[in-house]
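Report on one structure; see the data block that follows.
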Amino acid sequence: MWWSRLKALIIKELLAVMRDPKSRLILIGPPIVQLLVFSYAATLEVRNVDIALLNHDSGHWAQELVQQIEGSPTFRSISPVQDLAEMRDAIDRQRVTAAVVVGPDFSRNIEAGRPADLQIILDGRRSNASQIVAGYLNQIVATLSTETPAGTRAAARSVAVVPRNWFNPNLIFQWFMVPNLIASIALLIGLIVTALSIARERELGTFDQLMVSPLRTEEILIGKFIPPMMIGLFHMTVYILAAIFIFGVPLRGSLLLLYGSSLFYLASVAGLGLFISALSATQQQAILGAFLFLVPAMLLSGFATPIENMPDWLQPLTVINPLRYFLVIVKGVFLKDIPAAEVVNQTWPLLVIASVTLSAASWLFRRRLE
């Protein structure tokens, strides 16, 4: 009998989500948009950079430097300026990200074997982009220095360094971003759908009908968090297929480990959503509560910046974030073929989070019934 009651509630929840136009829009619109936007546009790479050039040297090496900068795919255009005032105006108005100043003795010093100075001025308002652009320019200058007479003589005595990028040899950004989207989209969809479930019942006036039904409190909670898990698994499957067959991300690990750990991940997400829904009286409050958790969860997950780079007082807050653990699993399964022991090590915190949040949601649910 309990299975029949639970099955009826699960079907009712799925129909409530699928029949509501707003819910369908949430389920279909954001995943597609985020797949297109984040996979192609939201990159940590810096490209199509405009720079200014103040060149006081007409010698060979100054021209060679300009040609190498122009030939780099990173830079879109080089704008010649006549003096420092014009260069300062270009940076102040953000027409360029960086400016290169070549002194009048640049080529003469290189030919004479003396140190040749080169000034790079960066827009500090774009701190991340400026650091990356500075790295690109330093790499070009280092390449140029090996072609100079002094660099050619020193090359025979120098040690050659050959970098090798493990797990992503060509540094394809989609290999990093798309696995992250599998976890983040499941968090977004699962959290919102679950947070709206109980709040929707109260707002539509069907909460009292649910209370007088033969369903027990535990059965109601189970019936509320199973449909979001099913929807989350569906979205994850779509993104996994897109990662493999559209973006060409290699799947080096076990798909069984990925799906097994995803059940605990989605359970923890559903527990957080039910906790938010139990606290909310309306769907608007539930959506606001979901986004109140979602934004810090994304920032504190290691999605864009490593957790180790965060302040020491902030790092302990990340232990309650399920996205932190599942990002390690999904990227490890796709790119590194991590062992089952490491998957288990990242999965048991998800079980703890799910147990605590579901217990808290059940307690709040019972209090509302009293």
Side-chain angles (χ1 to χ4, degrees), residues 30-51 68-77 97-98 126-140 142-143 160-189 235-259 261-262 265 298-299 301-309 323-339 342-343 346:
I32 296 176
V33 171
Q34 292 193 23
L35 177 64
L36 297 176
V37 171
F38 283 100
S39 299
Y40 292 104
T43 71
L44 299 180
E45 298 175 335
V46 177
R47 295 185 178 275
N48 301 321
V49 177
D50 299 318
I51 66 174
Q68 292 198 17
I69 295 176
E70 289 177 341
S72 173
T74 303
F75 302 106
R76 179 172 53 189
S77 66
T97 305
R126 310 175 191 177
S127 58
N128 183 63
S130 295
Q131 293 178 19
I132 296 175
V133 169
Y136 290 152
L137 291 172
N138 286 330
Q139 186 176 2
I140 292 174
T143 302
V161 178
V162 180
R164 178 184 177 186
N165 302 301
W166 246 359
F167 309 122
N168 190 357
N170 297 322
L171 298 179
I172 302 173
F173 191 78
Q174 280 80 10
W175 288 21
F176 165 79
M177 181 57 69
V178 177
N180 285 335
L181 289 179
I182 296 174
S184 60
I185 293 299
L187 174 64
L188 171 64
I189 298 299
H235 281 94
M236 284 183 57
T237 302
V238 172
Y239 269 68
I240 289 173
L241 293 174
I244 297 173
F245 296 106
I246 297 178
F247 297 100
V249 182
L251 180 62
R252 298 192 173 108
S254 170
L255 199 60
L256 182 62
L257 286 177
L258 179 60
Y259 272 99
S261 60
S262 67
Y265 173 63
M298 295 290 289
L299 296 176
S301 64
F303 183 92
T305 57
I307 296 176
E308 293 78 9
N309 290 357
L323 185 59
R324 164 190 175 169
Y325 305 102
F326 195 63
L327 282 179
V328 176
I329 295 173
V330 69
K331 288 190 293 187
V333 170
F334 264 92
L335 301 179
K336 296 192 292 187
D337 188 17
I338 59 174
E342 180 62 23
V343 175
Q346 298 295 329

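Source: prediction; values computed, not measured.
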Problem set entry | Minimum-distance pair of heavy atoms, taken over all atoms of Ile338 and Val328 | CD1-O, 4.1 Å
Problem set entry | No-hydrogen, no-angle side-chain donor-acceptor test under 3.5 Å, Tyr259 and Thr237 | yes
Exercise. Run the side-chain contact (heavy atoms from CB on, under 4.5 Å) check on Ile244 and Phe334 step by step: do they pass?
Worked result: CA-CA 9 Å; Ile244 297 173; Phe334 264 92; 4.1 Å; yes
Problem set entry | Interatomic distance, Ser261 atom OG to Leu256 atom CG [nearest 0.5 angstrom] | 9.5 Å
For this session: Tell me, yes or no, whether the heavy-atom count around Glu70 atom CD, taken from other residues, nucleotides or ligands under 6.0 Å, exceeds 12.
Result: yes
Seminar exercise, completed: Of all heavy-atom pairs linking Leu327 and Ala183, the shortest is CD2-CB, 3.8 Å
Exercise. So, Arg252 side chain and Leu335 main chain: donor-acceptor pair closer than 3.5 Å or not?
Worked result: yes
For this session: May I ask you to decide if Tyr265's main-chain N or O and Ser262's side chain share a donor-acceptor pair within less than 3.5 Å?
Result: no
Exercise. Roughly how far apart are Thr74 OG1 and Asn48 CG, rounded to 0.5 Å?
Worked result: 9.0 Å
Exercise. Is the closest side-chain heavy-atom distance between Gln68 and Thr143 below 4.5 Å?
Worked result: yes
Problem set entry | Separation between CG of Leu323 and OG of Ser184, rounded to the nearest 0.5 Å | 6.5 Å
For this session: Apply side-chain contact (heavy atoms from CB on, under 4.5 Å) to the pair Tyr136 and Ile69, showing each step before the final yes or no.
Result: CA-CA 9 Å; Tyr136 290 152; Ile69 295 176; over 6 Å; no
Seminar exercise, completed: Looking only at heavy atoms, the pair that brings Ser254 and Val333 closest together is O-CG1, 3.5 Å
For this session: Could you grab the distance from atom CH2 of Trp175 to atom CG of Asn170, nearest 0.5 Å is fine?
Result: 6.5 Å
Seminar exercise, completed: When rounded to the nearest 0.5 Å, the distance separating NZ of Lys331 from CZ of Phe326 is 12.5 Å
Exercise. Listed by chain and number, what are the ring pair (Phe, Tyr, Trp, His ring centres under 6.0 Å) partners of Phe75, not counting sequence neighbours?
Worked result: none
For this session: Check the side chains of Arg324 and Ser301 for a donor-acceptor pair under 3.5 angstrom, ignoring hydrogens and angles.
Result: no
For this session: Please check if the side chain of Asn180 supplies one atom and the backbone of Phe176 the other of a donor-acceptor pair under 3.5 Å.
Result: yes
Exercise. Side-chain contact, heavy-atom cut-off 4.5 Å: Val330 with Leu258?
Worked result: yes
Exercise. To the nearest 0.5 Å, what is the distance between CD1 (Ile182) and CE (Met236)?
Worked result: 6.5 Å
